[in-house]
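To start, the structure itself, in C-alpha cells.
These values consider heavy atoms only, across backbone and side chains, with no hydrogens, waters or symmetry-generated copies. All values reported here derive from a predicted model rather than from experimental measurement. Just so we're on the same page: letters track the sequence lines, and every chain starts at 1.
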Amino acid sequence: MMDVAFINARLVDPAAKLDAPGALLVRDGRIADAGPRVFNDGKPAGAQIIDCNGQVLAPGLIDMRVFVGEPGAEHRETIESAGLAAAAGGVTTMVLMPATDPVIDEAALVAFMRNQTCAVNVLPMAALTKGRKGEQMTEMVLLSEAGAIGFTDADRTIADARVMRRALSYAATFDLLVAGHCEEPSLSHGASATEGEIATRLGLSGAPALAETIIVERDLRLVELTGARYHFAQVTTQSAIEAIANAKARGLPVTCGVPATHVALNALDIAGYLTFRKLSPPLRTEDDRRACVEALAAGIIDVIVSSHDPQAPDTKRLPYAQAAAGGVGLETLLPITLEMVHAGHLTMQEAIARLTTAPASILGLSDGAGTLSRGAVADLVCFNPDHAFIVDGDKLRSRAKNTPFDGRKTQGRVMHTWVKGKCVHNAEATG
Amino acid sequence: MTGTTPALPLLPGAHLLSVEELGAQHISGLLDLAESYVDLNRQVAKKRDLLRGRTMINLFYESSTRTQSSFELAGKRLGADVMNMSVGQSSVKKGETLIDTAMTLNAMRPDILVIRHADSGAAELLSRKVACSVINAGDGSHEHPSQALLDALTIRRRFGRIEGLTIAICGDILHSRVARSNILLLTKMGAHVRLVAPRTLLPRDIGRLGVEIFNRMEEGLAGADVVMMLRLQLERMTGSFLPSTREFFHLYGLDHKKLALAKPGALVMHPGPMNRGVEIDSAVADDTERSLIQEQVEMGVAVRMAILDALSRQLSNSKGGTP
C-alpha cells in the first residue's frame, strides 16, 4: 500500500492537545507520523499527496449511538447504507444499537453484525436483557467474547430495579460497559413530547422531564452499589445533568452523552407537528438545551452522539402521536457540533474530543483509536469547518431521509474520510 | 470403639444448630469421634446400641436423598427408633404451621428431632419450642452443619489436616447454606478459604467472614488444594442472577481445563446433588483420582453418627424426653 501524505492541514488532535498547522503520514493503514514539523514543510517523495488546503484534519469521529434496520427493517437502513452515511459525515466508527429484529442478544447475531460489509468500523452493542424485555439478563460474557462492545437495551429503560441491579452487578464482575436509556417507563409510556407549554398548546400527551432524572438517579445509586461501568447514553435535562455532575464529583465510574439534536433544537421546534422532530427522548425546553451545551463545555457531558435512527415513511408519515420517534443524524453530527464552536461555547479541540477521544476511552478502545498518535489506525476526517450549507434531506446518503434538521442553515463540510488508511468518502469526487 | 471421652463436651449445648456456635475444639472432637464410626461402618456388623430406646424423628420440609437417608442410617446403626416425617403426606399439607407440627411431635416424646426447612432460622425456632435435641439438617440459606463436618472429615482424612490448606468454594454462594457452614468451619480450623463466583451470586459483605473473594476461576483456583463446587440452586432463584446455565458453565463449570489451574492433584468436592454440565463436568465428577464426591457421602453417615453420639451424651437419662 502506497504511503499517503496529508499536507497543509490544520491538525486537531485533542489527545495531544494539538490544534496547529502540520502534516500527517499514513503508512500501511496506520499513522506513521503527525505534527507541525513532519516533512519540514516539504513534500515526501513516493507518497500519494493529499493537500488539505488548510482544512482541519482530525481523528475520525466515533458515534456511540447508531440505529440501523439490519436485521429486520432493511428498507430503512442497512449496515452498508449507514456506513455510506457515516463516511459522508466523517464518522469512521459506528456503535450499533441492538434494537433490531431479531434483537442482538445472541453471540451469533453479534458476529452477523460485525461481518456485514461496511465502509466504516462497526462496533455492535448487544442487548442487556433478552429480547430487550427488561426481564432476563443476556449472556454478557459470551456476547462480549463474540465482539459486543457494550450492553444496552437501546431506547428502553429497564423498569425493574432488581433486574437492573443484577445486570449491573453481573457486568461489573467482568468489567463490561453498560449503556442505559433513562426514561421512567410508567411516566413516559404513551407520551410523545415533554410535558410543558408546547405539549399543552399542541394537545400532545407529555411525559415530565423528571422521568429522565428519576432513572438517572436510580441508576447512579445502583452504580454506587454494584461498581458497574455505566454510560448514560443520552442525558438531556438540567436536573439529570446536575445529578450526574454530583456523582462524578463523588468519583462514580459514570459517563454520559447527549444527542446532537438536543443541543441544537428545543420543544418549540416540534410546532407544526413535525414528526421528523419526534425524538427519543423528546425535545426539551430551551433551559434544558442550554444546560446541555454548558455541560458539554464543562466536561460533565463526555460525548456527543447522532442517535441516528432511520425511519421510513411508514413510521413517520402518521399523526404525531402515532409516529415513531427518531431521526437520522450521521451526516449532521459534525456540523451541528461545530455550531457550538462557531458560537464560542466549545473550542475546536473540545468539540473534537467529545466525538473522538472521549468515546474511545469510554468504549475502552485501544491502539490509539480516536487520536492522531503515531501507530494509531489511520481513521481520519478532513473537513472545512466554515463551509456554509443548508441541510437537504433528499441529498442524504442514508437510506432514510428523516432528518430533524431539514432546511437548517449550518456550517462544516466533510471533505474526505479515511478508514484504516483507505479513502471511504471524497466530497470532490461525489459532489 | 467410640474413642476416648474428651474432657470437654463435644457440643456446646443440647442441639446442633449451626457451625457458628461450635468452637475448634468441638469440631476436632466430633471429627475424631466420626473417625471411629468410619471404621465401624466398614465392618459387616455396623449396629450398636448407644441410642437404644431413643426416638429420632426426621422432619424434612424439603426433599432430600442423601441427608435424610444418611441421618436415618446413622440413627438406626446406633440403635434408635427412627421415624421419617415426609411432609408431603403430613398435616403440613393441610396448612399446619411449623410450630404446631413441632408441638405435636414433641408431645410424642422424641429424643432427637432432625429438621430441614426452606426458611433460615427454622431449626433454631424449633429448638426453643421443643424439649428434645434438635439437629439442623439445613435451614434455608443459613447453615447445614453436618455437611460442613462431613466435608471437613473428608478433607482431614485426605490431607491429614485442615489448617493451612487453600480451599476454593465456587459457584452459587448466595443461596448456599453449605457454603456458609463450610466457610465458618474451615476458617475456624485455619484453612484459607476462597470464594469464586460472579458478583450476583455473592452475598453482600461476605468478605467480612474472613474469606478471599474472586470473580474468575482462573484466579480463584490458582494454587488451591481443594475445589469445592456448589450446586447451582435454580429452584431458589427468583429473577435473573445469571444469564444462562450455558454461560455459567462456560465461566464457572468445573472441567479438567479449569481444574488444571489448581494445585497439581487438587481434589474436587461437591455436596450433591450435582447438575452435570452446569457447575461440574461429568469427566471431573466421575474422575476417581480427583473427585471426593463418593467419599463425602460415606463420611456423611459417620459424621452423623458422631453427632448423634455426642448429643446422646447430653440427653436426659431420667426420662425419655420431657415435653
message: Assess the residue pair R276(B) and D286(B) against the criterion (salt bridge (charged side-chain N to carboxylate O under 4.0 Å, His left out)); give the C-alpha distance rounded to whole Å, side-chain angles, the decisive distance to 0.1 Å, and a yes or no.
response: CA-CA 10 Å; R276(B) 289 170 184 265; D286(B) 301 335; 2.9 Å; yes

- request: Could you tell me whether D105(A) and K133(A) have a side-chain N and a carboxylate O separated by less than 4.0 Å?
  value: no

query: Checking heavy atoms, do the side chain of L168(A), its backbone, both or neither come under 4.5 Å from chain B?
result: neither

- prompt: Salt bridge check: are R218(A) and E212(A) linked by an N-O gap of less than 4.0 Å?
  reply: no

query: Between T226(A) and chain B, which part of the residue has a heavy atom less than 4.5 Å away: side chain, backbone, both or neither?
result: backbone

- request: Indicate the ring-plane relationship of Y252(B) and F174(A), choosing parallel, tilted or perpendicular according to the 30° and 60° boundaries.
  value: tilted

query: Checking heavy atoms, do the side chain of V163(A), its backbone, both or neither come under 4.5 Å from chain B?
result: neither

